Amino acid sequence: MNETPTADRVPPARQPWRSVYIRAPRSLDGKRFAMIVKRNGGEEIIAPHATIAQALIIALEYRKEHGAAMFYRDRGDLREYVIGRCRWDTDVFEPVLRGAVPRTADVATDHVRALELFEDIMEHDTRVFFDGRLVRNRPVRTATK
């Protein structure tokens, strides 16, 4: 994608947008969440034990006709990222949130830092990504000898 994603709030930059592959199972802190949405006057758990990284992807893809997508471009000393939904049938991108991280020589590290930024926002305010909520699962205690 060489065009600025739709609903751009800043003037187009000369740098084209590049797509980023989003990998869900990255968070290693052990936290798990139940993802809950309101449906038919009640609540339904759509993912009982998701990591925050998995919850981010599930939230973006919650409506079946969408896939999660992320794009980036270089802007001076920063890498600007936009994450959102891409419709499967029309390939139209719906931006959900923008973020920027300091640019380093390792683009993969910058991608991880951007995803961690979006995951942190997801953990503290799910409304940005979907109409539901996260409930942290209690850690399972195991017997030790």
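Side chains included, hydrogens not; waters and symmetry mates left out as well; all remaining heavy atoms used. Because the structure is predicted, anything quoted here is derived from the model rather than measured. Note that the numbering runs from 1 along the sequence shown for the chain.
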ask   = Just how far is it from atom CZ of F118 to atom CE of M70, taken to the nearest 0.5 Å?
value = 6.0 Å
request  = For C86 and A69, work out which heavy atoms get closest and say how close.
outcome  = CB-CB, 4.1 Å
query = Given M122 and I52, is the side-chain contact (heavy atoms from CB on, under 4.5 Å) satisfied, shown in steps?
reply = CA-CA 8 Å; M122 171 73 177; I52 195 64; 3.8 Å; yes
ask   = How about D77: does its CG atom have over 12 heavy atoms from other parts shown lying under 6.0 Å from it?
value = no
ask   = Quick one: does D74's side chain get under 4.5 Å of R18's, heavy atoms only?
value = yes
Rounded distance [0.5 Å steps], CZ in R79 versus CZ in R113 = 10.0 Å
ask   = Which pair of heavy atoms, one from G67 and one from W88, lies closest together, and at what distance?
value = CA-CZ2, 3.4 Å
message = Do L78 and V112 sit in one hydrophobic cluster, given that two such residues count as connected whenever their side-chain heavy atoms are within less than 4.5 Å of each other, even indirectly?
response = no
remark   = For P16 and R73 the tightest heavy-atom approach is O-CB, 3.5 Å
query = Under a 4.5 Å side-chain heavy-atom rule over Ile, Leu, Val, Met, Phe, Trp and Tyr, are L134 and V37 clustered together?
reply = yes
inquiry  = Can you confirm whether more than 12 heavy atoms, excluding those of D131, are under 6.0 Å from its CG atom?
reply    = no
ask   = Side-chain contact, heavy-atom cut-off 4.5 Å: V96 with R85?
value = yes
task = Inspect the contact between R87 and E94 and indicate whether a charged nitrogen and a carboxylate oxygen are less than 4.0 angstrom apart.
result = no
task = Treat each ILVMFWY residue as a node, draw an edge where side-chain heavy atoms are under 4.5 Å apart, and state whether I58 and I45 are in one component.
result = no
Pair R103-D110, side-chain contact (heavy atoms from CB on, under 4.5 Å): steps then yes or no = CA-CA 7 Å; R103 189 172 62 170; D110 295 347; 4.0 Å; yes
In one Ile/Leu/Val/Met/Phe/Trp/Tyr side-chain cluster, 4.5 Å: L56, Y62 = yes
request  = Enter the distance from F33:CZ to T126:OG1 here, rounded to the nearest 0.5 Å.
outcome  = 11.0 Å
query = Atom CZ in R32, atom OG1 in T51: separation rounded to 0.5 Å?
reply = 5.5 Å
message = Evaluate V107 against Y72 for side-chain contact (heavy atoms from CB on, under 4.5 Å), listing each step before the verdict.
response = CA-CA 10 Å; V107 70; Y72 80 97; 3.8 Å; yes
inquiry  = Out of the candidates W17, F93, Y21, only one should pair with F71 under the ring pair (Phe, Tyr, Trp, His ring centres under 6.0 Å) rule; please name it.
reply    = F93
ask   = Rounded to the nearest 0.5 Å, how far apart are CD1 of I83 and CG of L115?
value = 6.0 Å
ask   = To the nearest 0.5 Å, how far apart are CG in L97 and CD1 in I121?
value = 4.5 Å
request  = Using the rule that two of Ile, Leu, Val, Met, Phe, Trp, Tyr join whenever any of their side-chain heavy atoms come within less than 4.5 Å, decide whether L60 and V128 are in one cluster.
outcome  = yes
